[in-house]
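Every heavy atom of this structure was used, including side-chain atoms; hydrogens, water molecules and symmetry mates were not.
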Amino acid sequence: MDRREEIGRMYQSQSAGDKVYIPAKPKISLNDQNRIFRTCAYCRVSTGSDEQLSSYELQQAHYRQVARERPNWDLRRIYADEGISGTSLKNRTQFNEMIAACERGEYDLIVTKSVSRFARNLIDCVSLIRRLKKLDPPVGVFFETDGLNTLDENSDFMLTFLAKFAEEESVKKREAMIWSLTQRFKDEKALTPPLLGYDRQKDASGRYVKDAPLAVNREEAKIVRFIFGAYLSGRSVESIAAFLTDIGCRTKTGSAMWSAGSIRYILSNERYCGDILTWKTFTSDLFDHTHRKNRGDRDQWRLKNKHEAIISREEFELVQVLIQNRKHHIQGSLPGIHVIDEGIFRGFVPINHHWVNEEPAPYFDSSNSVRKKGRETHVPKKSFSAFDLTGYQVVRNQFTQIRYDGPSLTVSKGRITFNTWCVRRFADVGHIQLLLHASERKLAIRPCGQGAIHSIRWRAEDAAGIYSKSLSCPHFGAALFEIMGWDPDCIYKVRGTWMTRGDERIILFNLCSAVGAVLVEIPGQDGVKKRRAEFFPEEWEGEFGDEFYDHIAENDIYYLSGDTEWRVGKASVPAPGIEQFSTPSEEAVRSLAEELIKEAANTHDEP
């Protein structure tokens, strides 16, 4: 008796009056021998180790055996992803190909070991299962270990529970991995993948030695030295990449094509000076595998002298300075530390506000390198007044001028901003120099030509309006805060002095007169608002200003006699006694290039 006759007899037997019994379709059973399930299997391992790949092979063999034991399962293909995490569907090529085949109607059933093998992301797993069940005909997933068939009506609760459990398992594994890496880095056991110029060490049997330091590859090291030397001498990353490509020089992977990006990677890699910086990037989201640059989100360790250096640490640090310069369109090779040795700005240092240096010492040393020699000149008190002004104070203008109309700058740890008053006075100036006298705690700005050392673009020729001028200077800002002993959580406002004589004009700022400010939260009817609250230095307490004669000595620049030459435009000179940046000579770079050309030619001639 076929199925149609059986249903017809049921209708007849259940007919009574106006009531007719209509039976439901039979539930889908994976053991129904009268139905053939077009089946595929999916297996996955989480890493690429030999042990896990062996597990991958065993999984494939297992599903072939399962298909032989179930005649109604027509196993058509085994999909497998090797070394891919199950927390995201994005990079699982075989998995996505399998789902696409199901949507084309090629399969009725997917067989896999467990929910954790299928997906460790609760949202992905549940939504995908529901998507497959809505297909016509529906596609089920059978999880062997869990004994769960998603085509069963009661499978949703158990599926959600198991998927959540798998997701939590991934979270715990991630936490364990982070802990493990943290302990490794604390114990100075860094991960050391090979890179151009280095190889991983092997034992006598050819196996890699775990935690062994990188070994220098002498031939590749020549390429690295050329790249650093050429960049320091003023060549761009594009020209270096083009040269290495033209001569047929090989990358670490054997490619003959070099890119500007690969050159930048080499130039910024601290391993070339023998150090290892851990945790440069991290996975910010477990489930979409988003990688982010570590900007203080994870603890880092700088492990110094972990292997033989190809580049000296000084040379590496100079390259980092030059990289920052190029980011801000400052071309050419590295200039040295300069200081002005004569005139009104004697002891002032032209500031490169992009310089990657947060140490105050170079600024102090440079300013002090041209300190005046001989005895100090004492100015008679009577030259200022017929009266003895001892005990009198010069009142600070912060106490007398609430509505201040004059030059000022605002300093935070990462930015210096000049007010519109400064910009208006220098409205016809294209470039300026920012000058610092660290010992006297003074800043100044003066007009200069575009070619002057560390010149700063002040205003464009076609600039229409007058706006405040801001300079981004995170490293110089940190050094300045260190020099002044300022609180890094505060900002400081400094009133300046406009000085002019003939065609010479400058703006001078005494940093010791800075007024601090901090943002405070003030509750109100419209919610909490943030306002800036100013505070004066503690040393101002109980006084109106500096003693008169102390003020004169501290600000002698304002009281120069009329016949004293200012020499505002005096060019700076390399700071005497201060070690200057040294870059490879053109001859040295050319010699390295010629050596690479010869070796590349010899490599091409080899059979």
Side-chain angles (χ1 to χ4, degrees), residues 25-47 52-89 91-167 169-170:
K25 292 190 300 183
K27 307 300 181 185
I28 297 176
S29 172
L30 300 182
N31 297 317
D32 186 355
Q33 299 300 318
N34 294 321
R35 177 175 178 179
I36 302 299
F37 291 90
R38 297 168 299 168
T39 306
C40 64
Y42 178 74
C43 55
R44 177 186 58 78
V45 292
S46 297
T47 70
Q52 292 282 29
L53 290 178
S54 175
S55 171
Y56 158 67
E57 296 293 343
L58 290 173
Q59 288 182 65
Q60 288 186 312
H62 167 73
Y63 289 121
R64 294 189 184 97
Q65 179 62 31
V66 168
R68 285 193 290 268
E69 293 174 355
R70 296 193 181 225
N72 62 326
W73 287 12
D74 179 15
L75 183 62
R76 298 189 174 186
R77 182 173 172 180
I78 299 175
Y79 293 87
D81 284 311
E82 302 175 24
I84 302 296
S85 171
T87 54
S88 172
L89 302 178
N91 296 319
R92 296 166 67 185
T93 306
Q94 288 274 292
F95 183 90
N96 293 327
E97 185 179 335
M98 176 183 69
I99 298 302
C102 290
E103 292 177 332
R104 291 194 299 268
E106 297 179 14
Y107 301 113
D108 303 308
L109 180 66
I110 298 173
V111 182
T112 189
K113 181 180 178 182
S114 63
V115 173
S116 62
R117 280 286 185 269
F118 193 73
R120 287 184 179 150
N121 182 330
L122 173 63
I123 295 176
D124 283 348
C125 182
V126 174
S127 62
L128 188 57
I129 293 297
R130 289 173 178 171
R131 198 169 94 205
L132 292 172
K133 289 175 68 174
K134 289 180 179 179
L135 297 176
D136 187 18
V139 176
V141 182
F142 178 67
F143 301 104
E144 287 187 286
T145 304
D146 309 310
L148 181 64
N149 174 17
T150 61
L151 294 178
D152 289 344
E153 291 182 350
N154 300 321
S155 65
D156 282 356
F157 174 77
M158 183 58 67
L159 175 64
T160 303
F161 173 79
L162 293 173
K164 183 61 179 177
F165 184 81
E167 181 177 290
E169 182 184 14
S170 292

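- A donor-acceptor contact shorter than 3.5 Å is absent between the side chain of Asn149 and the backbone of Gly140.
- In this structure, CG on Leu132 lies 5.5 Å from SG on Cys102, to the nearest 0.5 angstrom.
- Within the 4.5 Å cutoff, side-chain heavy atoms of Arg68 are placed close to those of Gln65.
- Here the closest heavy-atom approach between residue Tyr79 and residue Cys40 is recorded as CE1-CB, 3.9 Å.
- The shortest non-hydrogen separation linking Asp81 to Phe95 is OD2-N, 3.1 Å.
- Taking 4.5 Å as the limit, every side-chain heavy atom of Thr39 sits out of range of all side-chain heavy atoms of Phe142.
- Minimum heavy-atom separation, Leu75 to Ala67: CB-CB, 3.5 Å.
- Atoms CD1 and CD1, from Ile129 and Ile110 in turn, are 7.0 Å apart once rounded to the nearest 0.5 Å.
- Closest heavy-atom contact between Cys43 and Tyr63: CB-CE1, 4.1 Å.
- Here the closest heavy-atom approach between residue Tyr107 and residue Arg76 is recorded as CE2-CB, 4.0 Å.
- Under the salt bridge (Lys or Arg N to Asp or Glu O under 4.0 Å) criterion, the residue pairs touching residues 94-112 are Arg38-Asp108, Arg77-Glu97, Glu103-Arg131, Arg104-Glu106, with sequence neighbours excluded.
- Every residue two or more places apart in sequence or in another chain that forms a side chain to side chain contact (heavy atoms under 4.5 Å, CB included) with Asn72 is listed here: Gln33, Ile36, Phe37, Arg70.
- One N or O on the side chain of Thr145 and one on the backbone of Lys113 form a donor-acceptor pair closer than 3.5 Å.
- A donor-acceptor pair under 3.5 Å is formed between the side chain of Thr150 and the backbone N or O of Val141.
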